[in-house]
Amino acid sequence: LIMAIILPYLFITDSLTLRISAFFVFLIAALTDRYDGKLARKLNIVTTLCKILDPIADKVLNLGTFASFIFLSIYPLWAIILIILIAFREILITALRFYWMYKGKVVPSDMGGKVKFVMQIVVLGFSYFFFMFMTYLPGLRLLTSIFMYSTYILLAVTAILTVYSGTSYIIKN
């Protein structure tokens, strides 16, 4: 959660060093999210606080990073609309999970949510390289174009998957 909170500052600060650092902080945050839950279950140290903080950290990481790239103007309007749709789904599902938790019903994330999270991480990685090539190596037009179009395609797929997984999650629960 701490890494997710400082990440936008690292991305939007006009410093190559901080932006490279941001990528590694993002990578570490994404990887620790992958393994912290497994480790907690293995060591039998799952707590209610962790159940609350983990999904919040996920949302802060991904939505904060998307917001950073919006601030840096790398997405066209249609992509920003997709990101708003993704954000709406994330906030809605998180609110529902807290409501269900309040009611005593534990509703873990399902495979669709996990795949959605991985796709968001992937599209954010592509967004990062698109931004870095566009900003620091503008002469590499072909590579910049490859990352740009890949980012846009992955973002569209991710938005569809995000809406589908949210709808499926609500219907199941």
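Aromatic pair F11/F23: centroids not less than 6.0 angstrom apart.
Here K42 pairs with nothing under the salt bridge (Lys or Arg N to Asp or Glu O under 4.0 Å) rule; sequence neighbours left out.
Under the 30°/60° scheme for interplanar angles, the aromatic rings of Y169 and W100 are found to be tilted.
Going from atom CZ of F126 over to atom CD1 of I153 covers 10.0 Å, rounded to the nearest 0.5 Å. In this structure, CG in L124 is found 13.5 Å from CZ in F130, a value given to the nearest 0.5 Å.
F98 has its side chain out of reach of K103: every pair of non-hydrogen atoms, C-beta onward, lies at least 4.5 Å apart. Side-chain contact between F117 and V122 is absent, with no heavy-atom pair separated by less than 4.5 Å. Put simply, the side chain of D110 does not reach to within 4.5 Å of the side chain of N173, judged on heavy atoms. Within the 4.5 Å cutoff, side-chain heavy atoms of M3 are placed close to those of I28. Contact of the I170 side chain with the I93 side chain is registered, since non-hydrogen atoms from C-beta on lie closer than 4.5 Å. E90 is listed as a side-chain neighbour of I86, based on a closest heavy-atom distance under 4.5 Å.
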Inset, instruction - Verify side-chain contact (heavy atoms from CB on, under 4.5 Å) between M119 and L154, making sure each step is shown before the conclusion. - result: CA-CA 8 Å; M119 284 300 297; L154 287 168; 3.9 Å; yes
Validation: residues 60-71 side-chain donor-acceptor distances under 3.5 Å, sequence neighbours left out:
{"unit_1": "N62", "atom_1": "ND2", "unit_2": "Q120", "atom_2": "OE1", "d": "2.7"}
{"unit_1": "T65", "atom_1": "OG1", "unit_2": "L61", "atom_2": "O", "d": "2.6"}
{"unit_1": "S68", "atom_1": "OG", "unit_2": "G64", "atom_2": "O", "d": "2.9"}

Which donor-acceptor pairs under 3.5 Å do side chains of residues 131-143 form with protein atoms, sequence neighbours excluded?
{"unit_1": "T135", "atom_1": "OG1", "unit_2": "F131", "atom_2": "O", "d": "2.8"}
{"unit_1": "Y136", "atom_1": "OH", "unit_2": "R19", "atom_2": "NH1", "d": "2.9"}

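For the residue pair R89 / S165, a side-chain donor-acceptor distance below 3.5 Å is found, with atom types taken as modelled.
Considering all non-hydrogen atoms of both residues, S127 and Y75 come closest at OG-OH, 2.7 Å.
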